[in-house]
Undergrad: 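First the structure, which I've put down as structure tokens, then a few questions once you've had a look.
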Amino acid sequence: MRHEHLHIDYQVYATAADLPPDDAALLREAQSATALSYAPYSNFHVGAAARMASGAIVRGANQENASYPVGICAERTLLSVAATLHPGETIDTLAVTAAEIHEPISPCGLCRQSMLEFQNRTGRPFRLIMGGATGPVYVLEDARALLPLAFTNEDLRR
Ligand code: THU
């Protein structure tokens, strides 16, 4: 038996104003996308925005349902929009935030799995910006870091 150790590298910015300009702009797009959220049950309005490899910006927001499990998160909404409007294109950076939340918000487990599959299918990792309406911002150079020891399509082939 031996012990293994996992760690996640990420950058912490005290405020969005300290981000590189392109990242600050993308986080503002994500914040604007919170207006597209339909969240009458949780009142937690999440917005996501991605800068595609071409420079195009894609947005997504959470869409809830009276049958609660039917609801979909902002990140997976965005990934479906990206795959549909920009087939085959890679994502450069994805930003996620929420209205009236003043700390970084963190993608749920399902979204981590979806982000991983998006990276695998397009063949390129993307950066992840996690923010709030104000407050500190986390930046990961590779969103895969959020889901170590993940189950992937490679496992299905074994
Ligand atoms: N939600 C997201 O859209 N993204 C996240 O990263 C966290 C959670 C949504 C799901 C649900 O509509 C609401 O936030 C409360 O969980």
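When a ligand or atom number is given, it counts from 1 through the structure's own listing order.
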Undergrad: Would you find more than 12 non-hydrogen atoms of other residues, nucleotides or ligands less than 6.0 Å from Q11 atom CD?
TA: yes
Undergrad: Looking at T77, is its backbone amide N or carbonyl O close enough to the side chain of Q63 to form a donor-acceptor pair, meaning the two atoms are under 3.5 Å apart?
TA: no
Undergrad: Any heavy atom of P107 closer to ligand 1 than 4.0 angstrom?
TA: yes
Undergrad: Quick one: does any side-chain atom of N62 pair with a main-chain N or O of V46 as donor and acceptor, under 3.5 Å?
TA: yes
Undergrad: Mark up the atoms of ligand 1 that fall under 4.0 Å of a heavy atom belonging to C73, in ascending order.
TA: 1 (N), 2 (C), 3 (O), 4 (N), 10 (C)
Undergrad: Going by the order shown, which atoms of ligand 1 are within less than 4.0 Å of some heavy atom of S42?
TA: 13 (C), 15 (C)
Undergrad: Measure from the side-chain N and O atoms of R127 to the backbone N and O of D23, and report whether any donor-acceptor pair falls under 3.5 Å.
TA: no
Undergrad: Tell me which protein heavy atom sits closest to atom 14 (O) of ligand 1, plus the residue, atom name and distance to 0.1 Å.
TA: F44 CD2, 3.3 Å
Undergrad: Among all protein heavy atoms, pick the one closest to atom 9 (C) of ligand 1 and tell me residue, atom and distance.
TA: N62 ND2, 3.5 Å
Undergrad: Give yes or no for whether the N/O distance cutoff of 3.5 Å, strictly under, is met between A74 and ligand 1.
TA: yes
Undergrad: Look at atom CZ of R124 and say whether more than 12 heavy atoms of other residues, nucleotides or ligands are closer to it than 6.0 Å.
TA: yes
Undergrad: For atom 1 (N) of ligand 1, tell me which residue out of L78, V46, N43, V96 has the closest non-hydrogen atom.
TA: V46
Undergrad: Using a strict 4.0 Å cut-off to heavy atoms of E64, name the atoms of ligand 1 that fall inside it.
TA: 11 (C), 12 (O), 13 (C)
Undergrad: Is the Y68 ring parallel, tilted or perpendicular to the Y41 ring (thresholds 30°, 60°)?
TA: tilted
Undergrad: Side chain, backbone, both or neither: which applies to S106 and ligand 1 if a contact is any heavy-atom pair less than 4.0 Å apart?
TA: backbone
Undergrad: For atom 6 (O) of ligand 1, which protein heavy atom lies nearest, and how many Å away is it?
TA: E75 OE2, 2.5 Å
Undergrad: Checking side chain to side chain donor-acceptor pair (under 3.5 Å) for the pair R28/T97: CA distance, chi angles, key distance, verdict?
TA: CA-CA 9 Å; R28 281 196 297 275; T97 184; over 6 Å; no
Undergrad: Can you find a protein heavy atom closer to atom 16 (O) of ligand 1 than 4.0 Å?
TA: no
Undergrad: Which residue in the set T122, L79, V58 passes side-chain contact (heavy atoms from CB on, under 4.5 Å) when paired with I91?
TA: L79
